[in-house]
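Here's the structure we're looking at; comments come further down.
Chain letters run A, B, ... following the sequence lines, proteins first, then strands; residues in each count from 1. Side chains included, hydrogens not; waters and symmetry mates left out as well; all remaining heavy atoms used.
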Amino acid sequence: MTATTATTATSTTPPTALHTPVIDWFDKHARDLPWRRPEAGAWGVMVSEFMLQQTPVSRVLPVYEEWLRRWPRPADLAAEPPGEAVRAWGRLGYPRRALRLHNAAAAIAERHGGEVPTDHHQLLALPGIGEYTAAAVASFAYGQRHAVLDTNVRRVFARAVSGTEFPPNATTAAERKLARMLLPEEPATAARWAAATMELGALLCTARGPECAQCPIAELCAWRRAGSPAHQGPVRRGQTYAGTDRQVRGMLLAVLREAAAPVERAVLDRVWHDPEQRNRALNGLVGDGLAERLPDGRYRLPGTG
DNA sequence: TACGCGTGGAT
DNA sequence: TATCCAAGCGT
């Protein structure tokens, strides 16, 4: 619990000065995404938020459309075996999200009368919903006033307000405090602000190659005013992927996803040469509930026929 | 707090 | 080709 002096860095700029230019820009340039349309409803917003956790919009779009057509309400998804959710997840990555979304749908069907809860605390209690997603659903689906801090917003605030090229590796108390201070008073405006700052980070204020020439707050941006100094501090360690358990898990699950019937162990054994790592990956999938071992020794997605 | 967890497009 | 990056969560 160190001193959290939220450096506003806006000694010359009141916090509200950013609202109008950012929201006006959003009114003009917001993408027409299906989960932003009124007919998406809270369930559509929630499904999109799960899929967008660490996965780009372009890859989410077709899978989202298929999910909402197939499972238009939480109870529709809950009525299916979890393996169907994993299969329909396709190649979005991080398939545990599919399992958590299925579990969340079951909880909504049982505990919330089939309706996505409006209460932030109840949202947070659902599997797969953390600080960001709870705030996002409450804000985007229900127009509530919450600080929505995703990687885009954090980067926008780091640059525009704090004057650094990138935010810290992990979300800090100072960032949360700053986000709350910047939040417009009116709930509807706050929700608009949340979506607008995310969109600004996604379209212009990107990690690499920000397009400051088109930015509605370039004149106010603390990072630009400081001369766009290069990032200082520890390099963010890149995640190597080749040869990891994650890669092996992905290859195993791809076989199960595409199989119409339970798969022989010998077939799974062909996806990776090292038996130790292969076994560890397969047992990990079973332990996570992403795969199921039948009494005859074959494997399948959980609960699928 | 740091780490494990998929996948594929962009640079 | 290798690295970076993408609307995080749970432990």
Side-chain angles (χ1 to χ4, degrees), chain A residues 1-2 26 30-31 33-36 40 44-64 86 89-101 103-104 123-141 146-156 165-173 179 191 194-203 205-210 231 234-257 271 277 280-281 284-285 287-291:
Chain A
M1 207 72 96
T2 57
F26 185 61
R31 290 167 292 179
L33 300 171
W35 45 86
R36 286 179 178 165
V45 172
M46 181 171 151
V47 170
S48 77
E49 291 300 338
F50 271 73
M51 292 181 171
L52 288 164
Q53 291 168 3
Q54 302 283 281
T55 302
V57 167
S58 60
R59 289 172 49 208
V60 164
L61 283 169
V63 183
Y64 170 87
V86 174
W89 198 253
R91 304 189 69 81
L92 287 184
Y94 292 146
R96 292 192 289 192
R97 293 180 290 164
L99 228 41
R100 292 175 184 150
L101 182 49
N103 289 340
L123 286 167
L124 208 47
L126 294 173
I129 294 193
E131 178 183 351
Y132 160 75
T133 304
V137 172
S139 180
F140 302 151
H146 294 281
V148 179
L149 260 190
D150 80 322
T151 187
N152 289 306
V153 177
R154 295 181 61 220
R155 190 173 53 248
V156 168
E165 186 178 16
F166 296 114
N169 276 332
T171 306
T172 63
T197 46
M198 282 181 67
E199 192 78 337
L200 188 62
L203 296 185
C205 196
T206 54
R208 283 191 293 188
H231 180 66
V235 179
R236 295 177 291 185
R237 31 177 292 282
Q239 55 199 36
T240 53
Y241 179 66
T244 61
D245 285 7
R246 258 151 96 187
Q247 185 188 22
V248 182
R249 287 166 58 104
M251 295 168 72
L252 291 169
L253 205 59
V255 172
L256 297 181
R257 260 200 322 264
V271 310
Q277 189 175 23
R280 187 168 65 240
L285 289 173
D288 289 345
L290 284 164

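Taking both residues in full, the closest heavy atoms of A/Arg36 and A/Arg31 are given as NH1-O, 3.1 Å, listed atom of the first, atom of the second, then distance. The two residues A/Ala202 and A/Arg155 come nearest to each other via the heavy atoms N-NH2, 4.5 Å. The two atoms that bring A/Val137 and A/Val45 nearest to each other are CA-CG1, 4.2 Å, heavy atoms only.
Among the protein residues, A/Val60 comes within range of no part of the nucleic acid, since none of its heavy atoms lies under 4.0 Å from any strand. Among the atoms of the strands shown, none is found under 4.0 Å from any heavy atom of A/Leu149. Heavy atoms of A/Arg154 sit nowhere under 4.0 angstrom from any nucleic acid atom.
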So which protein nitrogen or oxygen atoms get under 3.5 Å of nucleotides 9-11 of chain B's nitrogens or oxygens?
none

Can you check nucleotides 9-11 of chain C for protein contacts, nitrogen or oxygen pairs under 3.5 Å, and list what you find?
unit_1	atom_1	unit_2	atom_2	d
C/dC9	OP1	A/Gly130	N	2.9
C/dC9	OP1	A/Thr133	N	3.0
C/dC9	OP1	A/Thr133	OG1	2.6
C/dC9	OP2	A/Tyr132	N	3.4
C/dG10	OP1	A/Gly128	N	2.6

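With sequence neighbours left out, the side-chain contact (heavy atoms from CB on, under 4.5 Å) criterion links A/Asn103 to A/Pro127. Judged as a side chain to side chain donor-acceptor pair (under 3.5 Å), and not counting sequence neighbours, A/Gln247 has no contacts. Among residues two or more places apart in sequence or in another chain, the side chain to side chain donor-acceptor pair (under 3.5 Å) test is passed with A/Arg100 by none. Under the salt bridge (charged side-chain N to carboxylate O under 4.0 Å, His left out) criterion, A/Glu131 pairs with A/Arg176, sequence neighbours left out. By the side-chain contact (heavy atoms from CB on, under 4.5 Å) test, A/Val248 is found to be paired with A/Leu252, A/Trp272, A/Gln277, A/Ala281, residues two or more places apart in sequence or in another chain being considered. For A/Tyr132, the ring pair (Phe, Tyr, Trp, His ring centres under 6.0 Å) test picks out no residue, with sequence neighbours left out. The salt bridge (charged side-chain N to carboxylate O under 4.0 Å, His left out) search around A/Arg96 returns A/Asp288, not counting sequence neighbours.
Along DNA chain B, the nucleotide closest to A/Thr55 and the one closest to A/Thr171 are compared, and the more 5′ of them pairs with A/Thr171.
Taking atom CG of residue A/Asn152 and atom C1' of nucleotide C/dG8, one finds them 12 Å apart after rounding to whole Å. For A/Phe50 and B/dG6, the CZ to C1' distance is 17 Å, given to the nearest whole Å. Whole-Å rounding puts the A/Leu61 CG to C/dA6 C1' distance at 13 Å. Spacing between atom CG of A/Leu285 and atom P of B/dG4 amounts to 16 Å, rounded to whole angstrom units. Residue A/Arg155 contributes atom CZ, which lies 10 Å from atom P of C/dG8 at whole-angstrom precision. Taking atom CH2 on A/Trp89 and atom C1' on B/dC5, their separation rounds to 13 Å, with Å as the unit. Atom-to-atom, CG of A/Leu252 to P of B/dT7 comes out at 10 Å; the value is rounded to the nearest Å. For the pair A/Arg246 CZ and B/dG6 P, the computed distance is 7 Å after rounding to whole Å.
Nearest nucleotide to the side chain of A/Asp150, out of C/dA6, C/dG8, B/dT7: C/dG8. Closest contact between the side chain of A/Tyr241 and the listed nucleotides B/dG6, C/dC5, C/dA7 involves B/dG6. Nearest to the side chain of A/Ala207, among C/dA7, B/dC5, C/dC5, sits C/dC5.
Nucleotides C/dA6 and B/dT1 place their C1' atoms 23 Å apart, quoted to the nearest Å. Using P as the reference atom, B/dT11 and C/dA7 are 15 Å apart when rounded to the nearest Å. Across the P atoms, B/dG6 and C/dT1 are found 26 Å apart, a figure rounded to whole Å.
In terms of phosphate contacts, A/Gln54 brings a side-chain nitrogen or oxygen within less than 4.0 Å of OP1 or OP2 of C/dG8.
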